[in-house]
Amino acid sequence: MAKKFGRVHLIVMDSAGIGEAPDANRFFNHETPDTGSNTIGHISEKVGLDVPNFQKLGLGNIAPLKTVAPTDKPLGYSTKLQEVSEGKDTMTGHWEIMGLDIKTPFPVYPDGFPEELLTKIEEFSGRKIIREANKPYSGTAVIDDFGPRQMETGELIIYTSADPVLQIAAHEEIIPVDELMKICEYVRSITLVGSEWMLGRIIARPYVGTPGHFERTAHRRDFALAPFGRTVMNNLDDAGFKVISVGKIHDIYDGQGINKDMGHNENDMDGVDRMLKAMSLPEFDEGLLFVNLVDMDAKYGHRRNPEGYRDAIQDLDGRLPEIMDAMREDDILMITADHGNDPTFVGTDHTREYIPLVTFSKAFKEPKPLPIGHFADISATIAENFGVAKGDIGESILAELV
């Protein structure tokens with residue numbers, strides 16, 4: 001069949017869940033199950049959420065939101081999607097969106113990393129590791145607590161979170177960025193699939209400043225595992241379609257299936273700028289533009305800052321008219337998330353939630369709310385639109401988008 005949409009613009013609002021998933025009781029923040037979590041819902045309820053453009057698209061039709069009313073005539077189709085994979089981390093959510101079913105969750109290290117792994121890193125790097133930091137830690141708190149010591153000793157700050165990640169924080173004037181990247185590449189090489197310590201991501205966390213005034217820089221880099229199977233992005237790339245990434249997308253998929261990368265975002269609004277630049281590329285005639293906006297998760301969700309999270313959503317809402325104006329007549333915009341991270345919830349971990357899906361196209365006739373689906377329905381829809389194979393899971397909703 002002929003393509004219904006020439007270009008797909010897919011935005012992931014990282015962690016912007018919209019209510020507890022049916023299996024939320026199986027997932028925990030420390031010892032508390034994720035039952036009752038609701039990222040967007042609680043932001044709306046507790047600190048207010050003013051998003052007139054999202055409201056017009058139908059965000060308020062997906063689930064009850066205190067300050068975002070439903071609309072009788074939405075500009076877009078909308079629904080919420082349930083996760084089937086065994087995990088609530090960034091990679092699991094993104095990989096499932098692109099058609100993979102992750103049956104075995106990535107291991108996490110709530111008590112810190114084993115001594116054998118730390119010793120290997122020390123032997124390779126020639127630097128000692130601060131053992132007191134080796135546990136789940138806030139990324140800003142860990143440099144506040146151990147940054148002064150690192151400046152004096154040159155030791156590595158290695159820590160984790162509730163996610164399957166190993167993070168290395170390094171002051172750029174003490175441990176140069178190039179050196180940090182080489183250490184992270186080594187750690188990635190010994191924590192691959194089949195290794196004793198398989199990890200989803202190794203994250204380089206450079207920072208600058210002085211004690212009491214440390215600030216993480218935009219030189220962050222994620223060293224991710226390659227997806228466990230072929231995604232719809234691979235199928236699009238093989239078929240000759242443009243697949244463009246913005247922000248963390250290239251890292252999350254280890255570059256697989258991507259043939260143009262617009263680079264890492266300085267912040268979410270820089271990510272929107274990069275997205276708009278990609279939309280105007282002469283060579284982007286048909287295909288997928290895939291964008292991750294991470295500030296909601298990294299800066300506000302994990303730090304349990306509902307006001308900051310609200311402002312980040314509202315900032316994106318303010319850019320939606322600009323994005324929609326830049327769209328061609330046969331473009332489609334799809335906005336979703338990859339998991340929850342309720343900033344009003346206990347703990348500091350992601351939350352097992354439904355994710356929203358709101359869509360817009362200038363070609364839509366009478367958009368309406370859709371039945372509840374699954375994460376991979378997004379990629380199945382993209383695959384059917386471009387006439388390529390879908391992933392392992394997912395059902396297309398292309399026929400509904402008229």
Q: Do Pro206 and Leu180 have side-chain heavy atoms sitting under 4.5 Å apart?
A: yes
Q: Which residues pass the salt bridge (charged side-chain N to carboxylate O under 4.0 Å, His left out) test with Arg303, not counting sequence neighbours?
A: none
Q: Compare all side-chain heavy atoms of Arg319 with those of Asp273 and state whether any distance is below 4.5 angstrom.
A: yes
Q: Filter on salt bridge (charged side-chain N to carboxylate O under 4.0 Å, His left out), then keep only pairs touching residues 148-164, sequence neighbours left out; what's left?
A: Glu132-Arg149, Arg149-Glu155
Q: Could you note down all residue pairs passing salt bridge (charged side-chain N to carboxylate O under 4.0 Å, His left out) where residues 371-380 supplies at least one of them, sequence neighbours left out?
A: none
Q: Using a 4.5 Å cut-off on heavy atoms from C-beta on, say whether the side chain of Asp144 contacts that of Phe214.
A: yes
Q: Do Ile332 and Leu10 make a side-chain contact, defined as non-hydrogen atoms from C-beta onward lying under 4.5 Å apart?
A: no
Q: How long is the span from the CG atom in Asn53 to the CG atom in Leu316, to the nearest 0.5 Å?
A: 9.5 Å
Q: Start with the C-alpha distance between Ile183 and Ile121, add both sets of side-chain angles, then the distance that settles side chain to side chain contact (heavy atoms under 4.5 Å, CB included), and finish with yes or no.
A: CA-CA 8 Å; Ile183 296 170; Ile121 298 171; 4.2 Å; yes
Q: Would you please indicate if the ring centroids of Tyr253 and Phe228 are separated by under 6.0 Å?
A: no
Q: Taking atom types as modelled, is there a side-chain donor on Gln167 or Thr160 under 3.5 Å from an acceptor on the other?
A: no
Q: Kindly write out the residues that satisfy salt bridge (charged side-chain N to carboxylate O under 4.0 Å, His left out) with Arg230, not counting sequence neighbours, or none if the list is empty.
A: Asp238
Q: Under a 4.5 Å cut-off applied to non-hydrogen side-chain atoms, are Phe290 and Val243 in contact?
A: no
Q: Answer whether the closest heavy-atom distance between the side chains of Val12 and Val291 falls below 4.5 Å.
A: no
Q: When you measure from the centre of the six-membered ring of Phe27, is the NZ or CZ of Lys88 under 6.0 Å away and within 45° of the axis?
A: no
Q: To the closest 0.5 Å, what do you measure between CG (Leu398) and CG (Asn385)?
A: 5.5 Å
Q: Within the structure provided, determine whether Thr336 and Met13 are in side-chain contact (heavy-atom separation under 4.5 Å).
A: no
Q: Measure from NZ or CZ of Arg201 to the centre of the six-membered ring of Phe223 and say whether it is under 6.0 Å with the direction within 45° of the ring axis.
A: no
Q: From Met98 CE over to Lys390 NZ, what is the distance, rounded to the nearest 0.5 angstrom?
A: 14.0 Å
Q: Give every residue pair that meets the ring-ring contact (aromatic ring centres under 6.0 Å, His included) criterion with at least one member in residues 293-315, sequence neighbours excluded.
A: His302-His350
Q: Only one of Asp342, Asp34, Ile40, Asn341 forms a side chain to side chain contact (heavy atoms under 4.5 Å, CB included) with Glu353, so which one is it?
A: Asp342
Q: From Thr381 OG1 over to Ile397 CD1, what is the distance, rounded to the nearest 0.5 angstrom?
A: 4.5 Å
Q: Does some side-chain heavy atom of Thr67 sit less than 4.5 Å from a side-chain heavy atom of Asp50?
A: no
Q: Under the rule for ring pair (Phe, Tyr, Trp, His ring centres under 6.0 Å), what residues qualify as partners of Phe241, not counting sequence neighbours?
A: Phe386
Q: Classify the ring geometry between Phe113 and Tyr109 as parallel (under 30°), tilted (30 to 60°) or perpendicular (over 60°).
A: tilted
